[in-house]
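Reading through the structure tokens given below for one structure.
The model shown is predicted, which means the values in this text are computed figures rather than measured ones. Each chain gets a letter, A, B and so on, in the order the sequences are listed, and its residues count up from 1.
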Amino acid sequence: MEVVGEEKKTSLYDEHIKLGAKMVPFGGWNMPVQYEGIIKEHNATREFAGLFDVSHMGEVYIKGIESLEFLQSIVPQDISTLNEGCAVYCQLPNKDGGLIDDLIIYNVKNLEIDADYFIVINASRIEVDIPFMIEEAKKFDVEVINKSDDFSMLALQGPNAKYIIDKLNVKLDEKPKFFTIKKTELDDVPVLLTRTGYTGEDGFEIVFENKYAAKLWNKILSYKSEYGVVPVGLGARDTLRLEAGLPLYGHELNEKTTPLESSLGFFIPKDKKEEYNGKKLIMAQKLKQEPLRRKLFAFIMEDRQIARNGYEVFVEGIKAGYVTSGAPSPTLGKNIGFCMIEFENLPSDLVTRLNNPQESLGMIIQIMVRNKLCNAKLTKKPFVKKNYEK
Amino acid sequence: MNIPEGILCSKTHEWVLEENGEVLVGLTDWAVEQLGDVVFIELPEAASSFSKDEVFATIESVKAASEIYMPVAGEILEVNEQLINSPELINEDPYSAWLVKVKPSNYQEDAASLMEYDDYKDEVQ
């Protein structure tokens, strides 16, 4: 990592420039938004394989005899059931149940690294998450170690990802299965290899020391003619995750919105005994004892316009929220997005209908696009079926 | 890519080509390169009029929407209907994919504030 002006550079900055990437600021980093074109990169990932520099993401080691108790107190998920070598998608609530971040926690007790748990957090939230976790950790015999500057991270995603991993002299009898992690070497580079990603495709994330970044990046891209792998920028990363119905912090998730309100209820266990930040409201909403104040919906535009982040949303003529993400879907050939509908100003019968998927799915709402109300239909997520190999 | 002889460019990245009192308006290759994949374009109605530097169209790439400004005042004679269903033609050749044909109302004066292509290229690079 190197600080230049306001933005940091990943260890792959020079490689991005060599490939002719268009660079943009993102979450405090100077990152490639596209190389050859967003649609081409998007489609290559769905059909063959895409390689993403995700070194901007934050990595955290959790270590100490009360590691488990600490994690139990900061996420709604039950970490006691997380087996060694396995991963779980989690949220980091504040005391009011709003989200400070979303993250993936890996149990790495079996991996002979200097941690009990390994956490991957959003780049834009490193400076918020780390002090928060350190403060929370004071109640426990545990260490929170920010490893974000030590590691680079690549995501290799798409149906051909597994064949490329096989080519890299991987020293494993078996590659990690979906949502698990292994410690190994790829072409003699020591790595943590996980079967995770942010595209809805089968694929891997690879964490390793910065000094190996260019070597591993170029080695994987050398399989372009054999396996169709291309470098992919943040532009296609966004359309891929949106099609897969995956939320992005700062858009679908924020400090005022609970996991239930962000449509992440599926990930919240009902029966976790331990206390955690925000549990009171999160559980009351999960058990339907407390109403949702707002709710995230997926939509497909009926009109040809594209709804963008921040555009106003109207339900039965009442201004009731805003678009959180919106883009053309290269896979569907339609314009898709997420919107947050605020229940505060809506009549109670309309809120009841919105809360009932049988009534809300298919409902037509309006989105204001350049002073014109355009129709959109509420729909199920994901927009494009996930292609995970489980 | 074929740069038509005699085009003039604006600071906001539109090009114009005048012929027999009518003007074709499009987006420069530099602007299109910055946009990336064009996925949607909203064009004005024929017979509507715009003053110089007024927004007359919106172009959307995968990432964002951008406004397009009228480089010369006038009335829209024709819009390039082909682009409505095939906006990617703008990426393929920004100089054959003109957006609108305009009957200019004050061409000489408006054109005086535009640049020749080579000067425009120097400005953006």
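Chosen from B/Gly36, B/Ala64, B/Ala65, the residue pairing most often with chain A at heavy-atom distances under 4.5 Å is B/Ala64. Annotation: maximal heavy-atom pairing with chain B below 4.5 Å, among A/Lys22, A/Gln34, A/Arg370, occurs at A/Arg370.
With salt bridges taken as basic N to acidic carboxylate O contacts below 4.0 Å, none links B/Lys11 and B/Asp53.
The ring pair (Phe, Tyr, Trp, His ring centres under 6.0 Å) test with A/His16 is passed by exactly one of A/Trp29, A/Phe52, A/Trp217: A/Trp217.
With hydrogens and angles ignored, the 3.5 Å screen pairs a side-chain donor or acceptor of A/Lys381 with a backbone N or O of A/Ser263. For A/Arg46 (side chain) and A/Leu240 (main-chain N/O), a donor-acceptor pair under 3.5 Å exists by modelled atom type.
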Could you give me the CA-CA distance, side-chain angles and deciding distance for B/Thr58 and B/Glu67, then say whether side chain to side chain donor-acceptor pair (under 3.5 Å) is met? CA-CA 5 Å; B/Thr58 305; B/Glu67 294 179 322; 5.3 Å; no

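Heavy atoms of B/Ile84 lying under 4.5 Å from chain A belong to its backbone as well as its side chain. With a threshold of 4.5 angstrom between heavy atoms, A/Arg308 approaches chain B through side-chain atoms but not through N, CA, C or O. At a 4.5 Å heavy-atom cutoff, the contact between B/Glu33 and chain A is made by backbone atoms alone.
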